[in-house]
2 protein chains.
Amino acid sequence: MDEATVTIFVCVSCRRRLGDADEPFDQPGRDLADALQARVRDGGQTSVTVTPVDCLAVCKRPCTIALAGADKWTYLIGDLDPDSHAEEIVAAALSFAASENGIVPWRERPVSFRKGVIARVPPIVAGNTTGNSVLEAVEP
Amino acid sequence: MDEATVTIFVCVSCRRRLGDADEPFDQPGRDLADALQARVRDGGQTSVTVTPVDCLAVCKRPCTIALAGADKWTYLIGDLDPDSHAEEIVAAALSFAASENGIVPWRERPVSFRKGVIARVPPIVAGNTTGNSVLEAVEP
């Protein structure tokens, strides 16, 4: 039961513009959350939780997700597509869960993660317990 | 000792372009971190920790900060200036610390926070303990 766990937060609010005037936008986050939940369930990935979220406040780069885990850096990734990226998101979440601090080596991240990074945030423990700088020579 | 605490992570990596060819960019995050630490210290704000961070991966919107606290939403804010915004960042951090879940009412946030929001992430507890949706009718 000491298995490292990861939560994939999936924004289900942001709108994606479409060319069709009858339906000017869709909200692809819901489809992405469904696709991820199906893959996690079918793959028996008990270390991964998929949680739909009402707005991650990124808005302009749907779909957006956040990978979060205890004592790990949190990563926000945008420009993701339900049809193209569900499989590599789950794989990246497993790499994230297996990593010591959430920082997966750059070369091991899928291209969608390298191009789509919105932001990252250190684990809160580091800040609150020491107040020292978080200055690591690591890849963003 | 049950006082709610907040960490202000300050990115000290991102570069800001300058007009001067002799010095094409500066790194204003270091000045912002220093300004925030001075205000927190001088104000005796024991509930606020200022932690410089080597890259929050936002890059294009310096200065960038993240407000984080236990069981609260994390907020990433960009486009902040060391000279203009240090005072309101500390005030916003105190409002954040005093809030139940990190979501401060929109009207109570400084303009710099309303315009500069990069992203937000729910507290990890919600995702990992329930796996249910985080669907609240709240302002981003």
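Since the structure is predicted, the reported quantities are computational estimates derived from the model, not experimental observations. Just so it is clear: chains get the letters A, B, ... in the order the sequence lines come, proteins before strands, and each one is counted from 1.
Listed options A/Ile8, A/Ile118, A/Thr64, A/Val10 were ranked by heavy-atom pairs under 4.5 angstrom with chain B; first place goes to A/Ile118.
The part of B/Leu76 that comes within reach of chain A is its side chain, from C-beta onward, which places non-hydrogen atoms under 4.5 angstrom from that chain. For A/Ala66, the part lying under 4.5 angstrom from a heavy atom of chain B is the side chain only.
If you run side chain to side chain contact (heavy atoms under 4.5 Å, CB included) between B/Pro122 and each of A/Leu56, A/Thr7, A/Thr51, only A/Leu56 comes through.
Note that OG1 of A/Thr5 is 6.5 Å distant from CD1 of B/Ile124, once rounded to the nearest 0.5 Å.
Other residues, nucleotides and ligands contribute more than 12 heavy atoms inside 6.0 Å of the CZ atom of A/Arg114.
A/Pro123 approaches B/Phe9 most closely through the heavy-atom pair O-CZ, 3.8 Å. Of all non-hydrogen atoms in A/Arg120 and B/Ala57, the two that sit nearest each other are CG-CB, 3.9 Å.
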